[in-house]
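This report concerns only the one structure given below.
Computed from heavy atoms alone, side chains included, the values below leave out hydrogens, waters and symmetry copies.
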Amino acid sequence: MASITEKSYETTPAINVAFIGLGVMGFPMAGHLARAGHQVCVYNRTTAKAESWAAEFGGSWAPTPAQASKDADAVFCCVGNDDDLRSVVLGETGAFNGMKPGAVFVDHTTASADVARELYQLAKEKQLEFIDAPVSGGQAGAVNGVLTVMCGGEPAVFDKIQAVAKPYSRAITLLGEPGAGQLAKMVNQICIAGLVQGLSEAIAFGERAGLDMYAVLDVIGKGAAQSWQMDNRGKTMIENKFDFGFAVDWMRKDLGLVLDEAKRNGALLPVTALVDQFYAEVQQKGGHRWDTSSLISRLKP
């Protein structure tokens, strides 16, 4: 079975690109770049995954980030966290050591705003360009090529990569200077945390009250309570199905970034901090890889 959904792509000049990190997001994102006509060389810590990608999409793979990046006009990256990011960017085998002057590094990792600013400065010193560009839309968004991309960086650099990233994007927007993309992703996760908790409480309440919650969600989903979470996760929450989408472990990582940033900027996030602890309880129940909608599992007998 193909790992990406077929779609039509806007015609843009083909360029050499590298993609570093072939997890549940990176594998399909790199696939869309290849299907759109770009020459793609991939790197993944597990070589077998890189070989599998190259076999499916006809691109090439390299044994280090530096080697994958050496001919690329743009290098895309999607790894786990700040430390993972530094490990594939810095050092002798890192992407920055292989990239040619003027090439653009586009980081799709959800990481801290601090590491985005740090890598932007290091890129400048090496005559490279850097854009922080975390994404929203989860695995399904990557597979279907409809991610929302939140970018921080210089407008002229953003203009260089906007069209290149469109094969896997529904919207790609520059929101400010380096780090702004990561801060926007934090805003996104704050919104999701509160919404999922509210939806969990609503469903649990309705079930206790003896209502047919399928019917209730169908009705209120046509009014002011409607949300993406309700449309896409409401019924599966009723059915206690949590085996898809964005994992609790990843959400806790993201909310950790949010709460750290809030300590620095003074933002008050009482609900977000509480929901973060609720996710910790889900982890303690063994739900590390459950979808974030598993918050409702705390509220059911």
- Message: Restricting to non-hydrogen atoms, name the atom on Pro167 and the atom on Ala36 that form the minimum distance, rounded to 0.1 Å.
- Response: CG-CB, 3.5 Å
- Within the distance-only criterion (no hydrogens, no angle test), does the side chain of Lys126 pair as donor or acceptor with the backbone N or O of Met99 below 3.5 angstrom? no
- Message: Could you check whether any side-chain N or O of Asp73 sits under 3.5 Å from a backbone N or O of Ala103, counting only pairs where one atom can act as donor and the other as acceptor?
- Response: no
- Query: Under a 4.5 Å cut-off applied to non-hydrogen side-chain atoms, are Glu51 and Trp53 in contact?
  - Reply: no
- Could you point out which residue of Val164, Asp107, Ile20 forms a side chain to side chain contact (heavy atoms under 4.5 Å, CB included) with Phe76? Val164
- Contact check, side chains of Phe105 and Val89, non-hydrogen atoms, under 4.5 Å: yes
- What do you reckon, is OH of Tyr214 surrounded by more than 12 foreign heavy atoms closer than 6.0 Å? yes
- Query: Heavy atoms, side chains only, cut-off 4.5 Å: are Pro63 and Thr47 in contact?
  - Reply: no
- Item | Leu85 vs Leu119 side-chain heavy atoms within contact, under 4.5 Å | yes
- Should Lys241 and Asp291 count as an ion pair when the cut-off is N to O under 4.0 Å? no
- Message: If I take atom CG from residue Leu175 and atom CG from residue Leu183, how far apart are they, to the nearest 0.5 angstrom?
- Response: 10.0 Å
- After noting the C-alpha distance and the side-chain angles of Leu211 and Phe205, does the key distance pass the side chain to side chain contact (heavy atoms under 4.5 Å, CB included) rule? CA-CA 9 Å; Leu211 295 171; Phe205 172 87; 5.7 Å; no
- Item | Heavy-atom closest pair, residues Gly94 and Ala66 | O-CB, 3.3 Å
- Please find out if less than 6.0 Å separates the ring center of His108 from that of Tyr168. yes
- Could you walk me through whether Gln197 and Glu201 pass the side-chain hydrogen bond (donor to acceptor under 3.5 Å, both in side chains) check? CA-CA 6 Å; Gln197 179 61 22; Glu201 292 182 17; 2.7 Å; yes
- Testing Asp243, Asn240, Val282 for side chain to side chain contact (heavy atoms under 4.5 Å, CB included) with Trp290, which one passes? Val282
- Note on the structure: d(Cys151 SG, Lys185 NZ) to nearest 0.5 Å is 12.0 Å
- Query: Do you know the tightest heavy-atom contact between Asn232 and Thr236?
  - Reply: O-OG1, 4.2 Å
- Query: When rounded to the nearest 0.5 angstrom, what is the spacing between SG in Cys78 and CZ in Phe19?
  - Reply: 5.5 Å
- Item | Ion pair check, Asp276 and Arg252, cut-off under 4.0 Å | yes
- Between Ala133 and Val106, which heavy-atom pair has the shortest distance, and what is it? CB-CG1, 3.8 Å
- Message: Using modelled atom types and a 3.5 Å cut-off, is there a donor and acceptor pairing between side-chain atoms of Thr46 and backbone atoms of Lys49?
- Response: no
- Task: Quick one: pull up CD1 in Ile161 and CD1 in Ile172 and give me the separation to the nearest 0.5 Å.
- Result: 4.0 Å
- Message: When you compare the side chain of Phe242 with that of Ser293, does any pair of heavy atoms fall below 4.5 Å?
- Response: yes
- Please answer whether the main-chain N or O of Lys7 pairs with a side-chain N or O of His32 as donor and acceptor at a distance below 3.5 Å. no
- Answer yes or no: is there a side-chain heavy-atom contact under 4.5 Å between Val115 and Asn81? no
- At what distance, to the nearest 0.5 angstrom, does CG of Asn16 lie from NE2 of His38? 10.5 Å
- Message: Is there a path of hydrophobic side-chain contacts, each under 4.5 Å between heavy atoms of I/L/V/M/F/W/Y residues, joining Val216 to Leu195?
- Response: no
- Item | Minimum side-chain heavy-atom gap Glu154-Glu129 below 4.5 Å | yes
- Query: So if you build clusters from Ile, Leu, Val, Met, Phe, Trp, Tyr with side-chain heavy-atom gaps below 4.5 Å, do Val196 and Leu299 land together?
  - Reply: no
- Are Lys166 and Thr12 side-chain neighbours, meaning at least one heavy-atom pair lies under 4.5 Å? no
- Task: Flag this pair as yes if the NZ/CZ of Arg298 is under 6.0 angstrom from the six-membered ring centre of Phe278 and inside a 45 degree cone about the axis; otherwise no.
- Result: yes
- Message: So does Ser69 get a backbone contact from the side chain of Lys100, meaning a donor-acceptor N/O pair under 3.5 Å?
- Response: no
- For atom CZ of Arg45, is the number of surrounding heavy atoms from other residues, nucleotides or ligands below 6.0 Å larger than 12? no
- Query: Given Ser112 and Glu261, is the side-chain hydrogen bond (donor to acceptor under 3.5 Å, both in side chains) satisfied, shown in steps?
  - Reply: CA-CA 8 Å; Ser112 69; Glu261 188 67 34; over 6 Å; no
- Value for CG (Asp132) from CE (Met150), rounded to nearest 0.5 Å, stands at 10.5 Å
- Message: Using a strict threshold of under 4.0 Å (side-chain N to carboxylate O), is an ion pair present between Arg86 and Glu118?
- Response: yes
- Hey, quick one: are Leu257 and Val187 part of the same hydrophobic cluster, counting side-chain heavy atoms closer than 4.5 Å, chains of contacts allowed? no
- Decide whether Met29 and Val24 are clustered together by the hydrophobic rule: side chain heavy atoms of Ile, Leu, Val, Met, Phe, Trp, Tyr closer than 4.5 Å, transitively. yes
- Note on the structure: For Ser3 and Pro28, the nearest pair of non-hydrogen atoms, with its separation, is O-CB, 4.0 Å
- Message: Please say yes or no: joined through hydrophobic side-chain contacts below 4.5 Å, possibly via intermediate residues, are Tyr9 and Val17 part of one cluster?
- Response: yes
- Message: Can you classify the ring geometry of Phe130 versus Phe96 as parallel (below 30°), tilted (30 to 60°) or perpendicular (above 60°)?
- Response: perpendicular
- Query: Between Ser227 and Met230, is there a donor-acceptor pair closer than 3.5 Å when you use the side chain of the first and the backbone of the second?
  - Reply: yes
- Query: When you look at CD of Glu177, are more than 12 heavy atoms from neighbouring residues, nucleotides or ligands closer to it than 6.0 Å?
  - Reply: no
- Note on the structure: Shortest non-hydrogen pair, Gly37 vs Ala14, comes out as O-CB, 3.3 Å
- Are the side chain of Ser52 and the backbone N or O of Ala48 linked by a donor-acceptor pair below 3.5 Å? no
- Heavy atoms from other residues, nucleotides or ligands near CD of Glu10 exceed 12 (cutoff 6.0 Å): no
- Message: Just checking Gln39: does its CD atom have more than 12 heavy atoms from other residues, nucleotides or ligands closer to it than 6.0 angstrom?
- Response: no
- Do any N or O atoms from the side chain of Lys285 and from the backbone of Ser297 form a donor-acceptor pair under 3.5 angstrom? yes
